[in-house]
Undergrad: 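First, the structure itself, so that you have it in front of you.
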Amino acid sequence: MDLETLLSYPWRIMLPEFVIVITAALLSLLDLFWKEQASRRPLAWIALAGIGLAVLFLVINAGQPVQEILYETFRLDGFASAFKLIFLLGAAIVFLIALDRDFGQQLPYQGEYYYLILTAVLGAMIAASSADLITLFVGIELLSISSYVLVAIRKHNLKANESALKYVISGGIATAVTLFGFSYIYGLTGSTNLFVIQERLSQGVNDGLLPLIALALLVSFVGLTFKLSVVPYHMWAPDVYQGASTPVTAFLSVVSKGAGFALVIRFLMVTLQGMADSEMILWENLAGLLVTVLSVLAALSMIIGNTLAMRQTNLKRLLAYSSIAQAGYLLVPVAAGIALLQTGEVSASNLFHIVLFYLAAYLFMNLGAFALVQLIGKETEDIRGLAGLYRRAPGKALAMTLFLASLAGIPLTAGFVGKYYILMGAVGANLYALAAVMVITTVISYYYYFGLAVQMYMREPEVDQPLTAPSSLNIVLSVCVIGTLLLGLLPNLALDLIQTQFNLLEVFLPYSH
Amino acid sequence: MNQIIVTVLILSPLIGMLLILLTNSQQEQQLKRMGVLGALIPLILSLWMVALFDFNHPGYQLTQEAPWFQFSPPGGEGVLSITYAVGVDGLSVAMMLLVTILSVMAAIASSYITARLKEYFLLFFLLEIGMLGVFGSLNLFLFFIFFEITIISAFFLIGIWGYVERERAAYHFLLYNGIGSVAMLVAFVMIFMKVGSLSLPELASAFSNTALAPWFSSAVFLLLLFAFGVKLPIFPLHSWMLRVHVEAHPAIVMIHAGVLLKLGAYGLIRLNAGLLPAELERFSLFIAVLGAINILYGAVLAFRQRDIKRVLAYASLSHMGIVLLGIAAQNESGLTGAVFQSISHGLISALLFFIVAVLYARTKTTMLDELGGLAKTMPLLCGFLMAAGMANLGLPGMSGFISEFLAFLGIFNTYPAVGAASLLGLILTAVYMLRAVLATSFGPLAEKWSGLTDIRGFEWIPLVVLTALIIVIGIYPAVLGDTIRLAVESVGHGLLTRMGG
């Protein structure tokens, strides 16, 4: 690659990523020269400013046509932009949660903490923007490795050590599985570019290579489920969520999971789309198989997540199981999308709307809940820590009630509209059994979400003092309350935004010079 | 005003909430006064709505509609819209009146509550918004939202202010009703995706004009039957309702037995009978048998209970069976009977549970073994109890008689055998009701009850008002007749023309 080619690339499409890289580098340098004992909270503010700038560039880039640089590996399309917006918003909220002063003082490596969150976000962004298996893999690895360190960063904490070790080992296995699947795909197609793979796989189907193709896709997908924390790679979540510091847990549950969905959808949808033109019967077999596998995994995640969450007494473990179930719900529109691709429906794009809308709803409700866990967690992480919260801090108890109601899918909240939309997707794709599992497990989830509400309103607190929060947490709670309510009451605000600003169908659009 | 009266009525409990919020939580008396005052506002507005209502016009009126939001349907073209649409017909007017009247009575009964009054009344008014909203919604999405609001607020009302086992009762309530409401949600999503609308006036014509796959209409019908069957409740989905009757505070049970169970009846009449008459015909024998089982099972078990609250709980179960019979009859008298029964039972059960509240406030027990001979110390209260009991067993001259008569008239036309079997239940009703009333009022008076005071002060209001309503409807059913005739004409249009033609 000579200089001329390099200079000819429209680098501005990568501006958000550049901003994050530069901010992360700047933070690491500042951290070196910062006074040893001084608080590193200003670094978090710099990081926030960086994220703000990245969002700005992202929005400026959003209207642009599809572009690819670096030999068709990095790609700007509406799909990537929409997901990146969610990652950046999530990261910003995570920073606000981490800005809690008491929390910062207990952190051994405050500076590292902040810039590792940035590199993790960078990984998520690259993964969402990849049109090539290599960059896609580099993206998730950057995200994963940053996350491993973030979980382990409280190295004098026994729980943190245990969870970090579990995280690295199971993450490593998942990575190996993913790469194994990718190697099959490369072996079958001789390419790592998603669009080339799309073409050659459809030829492959016609040449009778269906079993191998199915194996390759399934193995890759199963490896990727690690990031989604759905069955079969869900077991790490409770331990890691419990051991990691709350902001990192919040990050894993929203940004990291969102990145997982971005790349699973792109990987599956783009590679499979070409096969819609292949020989019909064979294609139906393959799509049918994938829909079945995805449906079973989604159903299992909902069942396991929701039933095990009922037995938890630790708040973060409970939210971990809840997040496994939530990922199960999010997998429903992906399965529906493949089922609709099978019938050749272009309106599969509406399924991307569903995923994005639910992710946005999940961002607000889940981060809001974690902000409260961060506050309560200073006393205890047991669910009894919520006891009598209504007496100690009525406003926060009401906010938490809203987040729980939204997670449970109670009307007038973002979570309800999201779930309703997911159900529409399932019914539209005739996945009735999956819809049934979803609604029944939703009722099971009432048990533990309302169990937390029972603590807040019907139990006596152990310490009967008013609970005050630092202003950064108050900001997070307010933002999340507003987001949850707005998306619940006026969902068109978000739906129209997604529709007009981000053309999600561009994910299917091959780039031509 | 015609445009916005229904919206104003649905949201009017917010004024009550505001009054409560502005009152200091230490001033208990003031809070209770504000609670009653707040409940009076919707009552006045509902009477105003009746004044604006045109009794010569079947179908929805006083409607208001505004676009709300749209979904892009997965696997379809265009957009699917959700509108904010409210309005009333005869059925909803009658039910909304029931809500506002019983809310005032329950607010008065709330005087027996001593703890956390402020939160209690806030949730109470939220519950009232939910109930009014369910009956006023002309869009199923909106219907579902209000339906869920009643579940959430009732969960807390049962779980915080009930008796010893209140939290278990609240969880049972939540999980059973949760399952019911998600079944309803799935049915609504299916309708939304295949028919393309959730607006009730549009659906009525859409269902009769579009050719829908038979499995689809059957699935929707059965899902809705299940959803409202949990709420009504239909045997064997009833266990939650017994717990709530026994463990919740009587003021809440007044609302619960008086209105919340009727959400099930309303749903069955409005959606199952109103939108899917062909499916109703197909499943009518099934529903009639379910109704007969409800009547007999409830009556037999009511006879065996030692706690007066449990007697009344099983009595409710038994009486809801009559609603099912009326619907299964698929004719005018049956449907009229079902609607009549919903309202009449609402008034009677509220009266009975208010009497229980008065009794419990004095004796701290509701066990039949421990009570007895109370007519000596509380002749007036026992008089009201006797009257309510008579109304409940369907004595002519009281509202219960009219509804049972009409429902049975209907079912004898359609399924005489089922009707005959159910008649046995009516005899049992007389037995268990008299047993409960006699065990409370007569017999030897225990020493400890000798000093009890009879009805006093505010307690007169609900007793007199509810008894008067029950008798007025019983003697002169035309008061309700007009609204109900309208209701049957508009809701049952598809059903009745189907049977006629």
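The sequence lines fix the lettering, A, B, ..., with proteins before strands; numbering per chain opens at 1. For clarity, every value in this text was computed on a predicted model and none was experimentally measured.
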Undergrad: Side chains of A/Ser322 and A/Tyr449 only: does a donor on one sit below 3.5 Å from an acceptor on the other?
TA: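 Indeed, the side chains of A/Ser322 and A/Tyr449 share at least one donor-acceptor pair under 3.5 Å.
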Undergrad: So which of A/Leu490, A/Val454, A/Leu495, A/Ile440 has the largest heavy-atom pair count under 4.5 angstrom toward chain B?
TA: A/Val454
Undergrad: Out of A/Phe416, A/Tyr457, A/Tyr420, which one racks up the most heavy-atom pairs below 4.5 Å with chain B?
TA: A/Tyr420
Undergrad: Do the side chains of A/Glu460 and A/Arg384 get close enough for a salt bridge, i.e. N-O under 4.0 angstrom?
TA: no
Undergrad: Please say which of B/Ile20, B/Leu117, B/Leu21, B/Leu18 ends up in a side-chain contact (heavy atoms from CB on, under 4.5 Å) with B/Met34.
TA: B/Ile20
Undergrad: Looking at A/Phe450, A/Tyr447, A/Tyr390, which makes the most heavy-atom pairs under 4.5 Å with chain B?
TA: A/Phe450
Undergrad: Measure A/Arg459 against the heavy atoms of chain B and call it side chain, backbone, both or neither at under 4.5 Å.
TA: side chain
Undergrad: How far apart are the C-alpha atoms of A/Ser406 and A/Tyr362, what are their side-chain angles, what is the distance that settles it, and do they pass the side-chain hydrogen bond (donor to acceptor under 3.5 Å, both in side chains) test?
TA: CA-CA 8 Å; A/Ser406 185; A/Tyr362 182 66; over 6 Å; no
Undergrad: Among A/Met458, A/Met438, A/Met424, single out the residue with the greatest number of heavy-atom pairs under 4.5 Å to chain B.
TA: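 The candidate making the most pairs under 4.5 Å is A/Met424.
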Undergrad: Just by distance, do the side chain of B/Trp240 and the backbone of B/Val230 share a donor-acceptor pair under 3.5 Å?
TA: yes
Undergrad: B/Val186, B/Ile149, B/Ile82, B/Leu175: which one forms the most heavy-atom pairs within less than 4.5 Å of chain A?
TA: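 Maximum pair count with chain A is reached by B/Leu175.
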Undergrad: Fit a plane to each ring of A/Phe79 and A/Phe83, take the angle between them on a 0 to 90° scale, and name the class: parallel (under 30°), tilted (30 to 60°) or perpendicular (over 60°).
TA: tilted
Undergrad: Highest number of heavy-atom pairs under 4.5 Å with chain A: which of B/Phe144, B/Phe188, B/Phe141, B/Phe156?
TA: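 Highest number of pairs under 4.5 Å: B/Phe141.
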